[in-house]
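For reference, the structure is listed below as structure tokens.
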Amino acid sequence: MYPTLPSLGPPSRTAASLSLSVSLSIVQNLYFQHFPPPARISNLPQFSLLPFPSRPLSMLLSSAQLPFLPLRTPTPPFHSPKRCRLAAVCKNQVKHASSLELDRSLPGSGDSHAEKKAKGTRIKAGELSGRYDDGFGTKSMKDYFDMAKEIIKPDGGPPRWFCPVECGPSIKDAPLLFFLPGIDGTGMGLVLHQKSLGKIFEVWCLHIPVNDRTPFEGLVEFVERSVNSEHAMSTNTPIYIVGDSLGGCLALAVAARNPAVGIVLILVNPATSFARSRLQPLLPVLEALPSNLHITITYLLSLVMGDPVKMAMAGVSKELPLPQTLDELSKCLTSLLPILSDLADIIPRDTLLWKLKLLKSAAAYANSCLHAVEAEVLLLASGKDNLLPSGEEADRLWTSLKNCRVRYFKDNGHTLLLEDGINLLTIIKGACIYHHSGQHDYVTDYLPPTHSEYKKHIEQDYRWFLLATSPVMFSTLQDGRIVKGLAGIPDKGPVLFVGYHMLMALDVIPLFKAFWKEKNIIFHAMAHPLFFSEKFETSRREFCLLDFWNIFGALPITPSNMYRLFSRGSFVLLYPGGICEALHRKLVLDYNDQKNIPFIREWIEANSKEFTLRSDASGEVSEQKLYIPGVLPILPGRFYYLFGKPFETQGMDILKDRSKANAMYLQIQSEIENMLSYLKRKREEDPYRSILKRALHQAFWDSSAEVPTFEP
């Protein structure tokens, strides 16, 4: 059993119908078929301090012997640093903390959070525009060390919370996110993610001063008090806790002690495996090492904590040509290596000894209460963690925790959140753990992709696929003329796109890019429920295509989901052919072949039976067998897309009159067949249909230049 800590009481404080339908037809070179039925404050630019007129400005982060205790919402950045004051509250005053939030009337300090909510200045999650700037990629490891060196200046105070000004104002009704740091204790571990997370969370970071010696049980009590305080004020809103290394043990302990609180844990290489860590033999060495040699230990420690190249790459723009990228990487790496020695100031010898002992007790405490953790858990594990066996620990925690999913990063080190290519916001969205109430809702909790996600997952990850297929978009105007581009697509929804799948649904990716680039529209693709199930979850699951679909708006196909999307004026993509159309038959190894292999047949039947769609249908569309087709690599053909003239459904009573619905269905089917014939005929006129000619054109002009095609 794990020890019982005293618990303080919480503080006292106060469908629209479908109107449009657009037909969509796609032809690829090989596969086609008819579709079946803050302002800078002194030297601390990263903190948002609370105005408190009874203290002088020189207090800054807590010159008094008092901790920061959380108020409901730290204020946004101030425009006049001279008017900033610190709100510091001792433990026996926590129940009166709400009164401090009212003390924000200093001129020039800007509106308080409560005032801004009253004025309606905060937008809702559904009002975020596509490709909004999340600020990710604007900070680097140098920023971490610069901020850490400022915050570690000793003041004799105990642990406290701070809100990074970089987070800025969040969306309306944003859930709260507590960040619990690793052994550095600075609370700056989210420096690369503060701006992006600050859009959708209220972010509070825990700072443990360098000379603080609060035992693990005391840290649990401190965090638990804040969690219970926030839960009492909003019982239906989840509370997110991001625990990094040591903070992961702290997060597990708090969640185990508060099973009734709606907590979502995000554990980053948690130190629950400390008993098997390479840090264990370091304790006797540190105790015997002279103080003047401590810098050697911390410098070596900084090198094994993470990959220096990945840390340096975090400050390099991804849009530079390769020669400039290498040059910038060299400069960042050269400037990074000398400042790694600053870790000796961030974690002095006595502090490091204390933190290693703290890790030991933290791991023992957390492991003793894993059985009591009821919270939803997302575990991020690194494959090249040189301090902890995080990969093996992911295997253990995945089976030990009741509601755990894992994302495994095989090429990253211990300091995962400080390395290049890791966007915590993207990981949260891909794992579908962001929600405003009890569980994730694919419609109301959806967050549009950000600018950085668009650049990485569309323009970078699928760059060669888009170059090889050179997609061409055509649409039909109201007068029936076919034009190049998407001018015929309505600007406002609700809109339903109806079309047919090509092999493995690869046709969707170019659509994402075209609609964003030309129309600034995000559409929601309706997908098979299997792709959203937990069957694909493993203890070593990497970020994959399934996470990509979640980020870019795909959701399970159900009548309820479609209706709710239409009520919100959304653009929806539907393929009536479903799985049997995306998984084409007559391939090298299709369903007819795989069903003759016993263990594969059993897997197919089990999955198909669990996720049955159209059980009352007949014919080809009723054969929704889920399998992975065997294919051979081929030279990709060019993708051609044609959007037909919109069909107006408003006032047609197709929801009440089945005969009218059937008539429209047949009309749309006929239109798509005509568009297929049109594209098959016109593609023969394309002078750049051959991939060789397209490659030569791109090499001569520019890879980003659009390759010409036939005239419609």
Side-chain angles (χ1 to χ4, degrees), residues 24-32 131 317-327 449 451-477 481-489 497 499-521 523 545 548 552 573 584 631-644 675-712:
L24 163 65
S25 179
I26 310 162
V27 172
Q28 195 265 350
N29 209 23
L30 289 177
Y31 300 104
F32 57 88
R131 287 196 293 175
S317 172
K318 306 303 181 294
E319 301 180 10
L320 297 175
L322 181 59
Q324 288 182 251
T325 299
L326 294 176
D327 182 58
H451 177 72
S452 63
E453 289 167 343
Y454 171 81
K455 298 291 290 186
K456 173 171 173 51
H457 297 292
I458 296 293
E459 294 191 347
Q460 294 177 18
D461 291 355
Y462 287 97
R463 178 174 180 266
W464 294 110
F465 174 76
L466 294 170
L467 285 175
T469 56
S470 298
V472 185
M473 304 284 165
F474 298 95
S475 60
T476 308
L477 302 179
R481 289 187 298 116
I482 297 177
V483 296
K484 189 177 179 181
L486 302 178
I489 303 296
F497 300 109
Y500 82 98
H501 261 319
M502 63 167 292
L503 181 63
M504 302 298 289
L506 294 175
D507 49 89
V508 178
I509 296 169
L511 284 177
F512 281 133
K513 181 177 181 181
F515 270 73
W516 273 16
K517 186 176 181 179
E518 188 171 341
K519 304 288 289 186
N520 196 28
I521 288 175
F523 62 81
L545 186 62
F548 172 89
F552 285 86
L573 175 62
H584 290 275
V631 297
L632 290 177
I634 60 171
L635 289 176
R638 193 168 196 181
F639 286 8
Y640 302 91
Y641 297 75
L642 174 57
F643 293 85
M675 291 191 297
L676 282 169
S677 299
Y678 172 85
L679 288 177
K680 288 163 63 178
R681 183 179 72 254
K682 294 293 290 185
R683 70 180 179 182
E684 301 297 333
E685 303 175 10
D686 187 353
Y688 292 97
R689 183 182 176 187
S690 165
I691 188 173
L692 179 59
K693 291 183 178 180
R694 297 199 304 273
L696 291 174
H697 181 276
Q698 291 164 343
F700 182 78
W701 293 99
D702 185 82
S703 59
S704 60
E706 186 176 358
V707 180
T709 186
F710 62 82
E711 289 296 325

**Study point:** Distance (rounded to the nearest 0.5 Å) between Ile482 CD1 and Leu679 CG
**Key:** 7.5 Å

Specify the closest pair of heavy atoms between [X] and [Y], including all atoms of both residues, with the distance to one decimal.
{"X": "Ile458", "Y": "Lys513", "result": "CG2-CB, 3.8 Å"}
{"X": "Leu467", "Y": "Gln698", "result": "O-NE2, 3.4 Å"}
{"X": "Val472", "Y": "Lys484", "result": "CG1-CE, 4.3 Å"}
{"X": "His457", "Y": "Tyr462", "result": "O-CD1, 3.0 Å"}
{"X": "Ala487", "Y": "Ser475", "result": "N-OG, 3.4 Å"}
{"X": "Pro712", "Y": "Tyr678", "result": "CA-OH, 3.3 Å"}

Practice item. Would you please name every residue forming a side-chain contact (heavy atoms from CB on, under 4.5 Å) with Ala705, sequence neighbours left out? Key: Trp701, Asp702

Review point. Do NZ/NE/NH1/NH2 and the carboxylate oxygens of Glu459 and Lys517 come within less than 4.0 Å?
Key: no

Point to revise | Among Phe523, Phe474, Phe497, ring-ring contact (aromatic ring centres under 6.0 Å, His included) partner for Phe643 | key: Phe497

Point to revise | Sole residue of Trp516, Phe552, Phe548 in ring-ring contact (aromatic ring centres under 6.0 Å, His included) with Tyr454 | key: Trp516

Check your understanding: If you count the non-hydrogen atoms of other residues, nucleotides and ligands that lie under 6.0 Å from CD in Glu706, is the total more than 12?
Key -> no

Side chains of [X] and [Y] in contact at under 4.5 Å (non-hydrogen atoms):
{"X": "Leu642", "Y": "Met473", "result": "no"}
{"X": "Leu486", "Y": "Phe515", "result": "yes"}
{"X": "Lys456", "Y": "Asp461", "result": "yes"}

Exercise for review: Decide yes or no on salt bridge (charged side-chain N to carboxylate O under 4.0 Å, His left out) for Glu711 and Lys682, but give the supporting numbers first.
Suggested key: CA-CA 9 Å; Glu711 289 296 325; Lys682 294 293 290 185; over 6 Å; no

Check your understanding: Cut-off 3.5 Å, side chains only: do Arg694 and Ser470 have a donor facing an acceptor?
Key -> yes

Check your understanding: Going by atom types only, do Asp686 and Tyr640 share a side-chain donor-acceptor pair under 3.5 Å?
Key -> yes

Exercise for review: Begin with the C-alpha distance, continue with both residues' side-chain angles, and end with the deciding distance and a verdict on side-chain contact (heavy atoms from CB on, under 4.5 Å) for Thr709 and Arg638.
Suggested key: CA-CA 10 Å; Thr709 186; Arg638 193 168 196 181; 3.7 Å; yes

**Study point:** Qualifying salt bridge (Lys or Arg N to Asp or Glu O under 4.0 Å) pairs with a residue from residues 466-477, counting only residues at least two apart or across chains
**Key:** none

Check your understanding: Going through the checks in order, is the side-chain contact (heavy atoms from CB on, under 4.5 Å) test met by Tyr641 and Asp507?
Key -> CA-CA 9 Å; Tyr641 297 75; Asp507 49 89; 3.9 Å; yes

